[in-house]
There are 2 protein chains.
Amino acid sequence: MQPTPSRTMDIPKEIRDCGLRATLPRVRVLQLFHENPGKHFSADDNYHLLSNENIDVVLATVYRVLLQFAEANILIRHTFDTDRAFFELNKGSHHDHIICTKCGCVEDFVDDAIEQRQALIAKQHRYILQTHTLTLYGLCETCTQPGHWDRVVIFRCSVQRNGLSKCMHIR
Amino acid sequence: MQPTPSRTMDIPKEIRDCGLRATLPRVRVLQLFHENPGKHFSADDNYHLLSNENIDVVLATVYRVLLQFAEANILIRHTFDTDRAFFELNKGSHHDHIICTKCGCVEDFVDDAIEQRQALIAKQHRYILQTHTLTLYGLCETCTQPGHWDRVVIFRCSVQRNGLSKCMHIR
DNA sequence: CTAGCTGCAAAGATTTTGCATGCGT
DNA sequence: ACGCATGCAAAATCTTTGCAGCTAG
C-alpha cells in the first residue's frame, strides 16, 4: 500500500516493484518527486520540468505515468478545488494541507483530534469511512507582510475565478 | 454576503438584489436549486434539467449564470476532487460534506470541534485562515447493504479514475 | 432607450485514446 | 523475441469568450 522506505532510493526498483517497466519517462518523473520532497506537481509541471532538463517526454506519457503511479499508490492525486490535478509523493502517512492563496505554497499537517472527529461523524451518519480531504486556505506568514511579497518568486501562477492560484508550488 | 432568508421565495428579486437582471435563464437556474434543497448540480446537470422542462437555454449561458451566482454568493462552488464543478445553494451557514463513493449522495455536516482545531492549526502555522474544505468519502448506509443497491436510482453517474462518481446526486 | 444578457460558434484548457513504432526484460 | 510503453496525432471533456442581436428595467 505504501512505498518502500529505503534510504538508498532505487527508483527503477521502486517502479518495477509495482509491476511497471523502468522506462526513462517513468524514472525521470518519479525522480522529480524524490528530488523535490513535499512538492505538488501537475502533469504540466512535470512536463515542463523534464523539458528544461532536455528530456524528451510527451505530455500524454506524463499523464499516463502519473495515473499509473497514483493507481500504484506511489503518488497521491489532489485537486485542491482547482481545475487541474496535482500529485505528490506518497510517504505512507496520511496528512492534510494548508495552502497560501497568495503565493501558493503548501504545507502538510496532521491533527489527531480532527481525524477522530471525522471517524465519529462518519459513524453518526452511518457511513463506512474510506478517505477524506481537508484543506485550509489562507495567507502564509510571508504573504501577510507586504514588504516581503517581492522576495517570493512564483514558479508559475495564474489566479482563477475561485481565487486560488492554479499552480501550487514556488521555487 | 448571504442570501435573504425570506420564506416567500421571490427568485427574480433575489437575482435583482445582487445587481443582475432577472432573465429567464437566471430565474430558472436559481429555481432549480430552490426546488432541490441540498442538491449539488453541475453546469451540465442544470442544462439537462432545464432541457427536460423544454426550457431553451444554452450551456454557455448556464456556465455564465452559475459563475455569476457563485460570485454573488447565492451559490457555492465545489469540486469534490472530480474534474467538474458542482454548485449548491448558499444557505448562509458554513458546512462540510460527506459523500457516498458508491451512489454519490451528499450529506452536509458541521462540527464545532473540527472548526476550532482548524483555527488552531492555522494559528500554529502562522496563517491567516480564509476558508477551508473538508469532505469525507465513504459508503452510505444504503450502499453497505448489498440487497438494497438495486433500489437506488442514480440520476447519472460515471465512475472516474479516482474512484469517485462524476455526478453527485441521485433522484 | 440602452446597458446588460443570451445564443451561437469557436476556441481554450485539461486529459484521454488509438495506433504504429520502439524498448525493457 | 515478446509484450508492454511511448510518441504522435486526434479526440473527448469541461469551460470560456467574441460578437451580433435581443430584452429587461
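Lettering follows sequence order; numbering is per chain, from 1.
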Strictly under 3.5 Å: I want the nitrogen or oxygen pairs between protein and nucleotides 18-20 of chain C, one per line.
{"unit_1": "C:dG18", "atom_1": "O6", "unit_2": "A:Arg64", "atom_2": "NH1", "d": "3.2"}

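Closest to the side chain of B:Arg21, out of C:dC8, C:dA3, C:dG24, is C:dA3. Between D:dT6, C:dC5, D:dC14, one nucleotide has an atom nearer to the side chain of B:Arg84 than all others, and that is D:dC14. Here D:dT15 is the nucleotide among C:dT16, D:dC14, D:dT15 with the atom lying nearest to any side-chain atom of B:Ala43.
With rounding to whole Å, B:Gln68 atom CD is found 14 Å from D:dT15 atom C1'. The separation between A:Tyr63 atom OH and D:dA10 atom C1' is 16 Å, rounded to whole Å. Atom pair B:Arg26:CZ and C:dT6:C1' shows a separation of 9 Å (rounding to whole Å applied). The CZ-C1' distance, from B:Phe86 to D:dC14, rounds to 11 Å in whole Å.
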Exercise. What's the verdict on side chain to side chain contact (heavy atoms under 4.5 Å, CB included) for A:His78 and A:Arg84, showing C-alpha distance, side-chain angles and the deciding distance?
Worked result: CA-CA 9 Å; A:His78 301 286; A:Arg84 340 152 111 66; over 6 Å; no
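To the nearest 0.5 angstrom, B:Asp96 atom CG is 8.0 Å from B:Thr133 atom OG1.
Residues A:Ala22 and B:Val57 both approach DNA chain C. Their nearest nucleotides, taken by heavy-atom distance, put B:Val57 toward the 5′ side. The nearest heavy atom of DNA chain D to A:Gly19 and to B:Leu24 marks one nucleotide each, and the one closer to the 5' end goes with A:Gly19.
Of the possible polar contacts, none joining the A:Thr61 side chain to the A:Val57 backbone as a donor-acceptor pair under 3.5 Å is found. The main-chain N or O of B:Lys13 is found under 3.5 Å from a side-chain atom of B:Asp10 such that the two form a donor-acceptor pair.
Using a 30° and 60° split on the angle between ring planes, B:Phe80 and B:His40 fall in the perpendicular class, above 60°.
The closest side-chain heavy-atom distance from B:Thr79 to B:Arg77 is below 4.5 Å.
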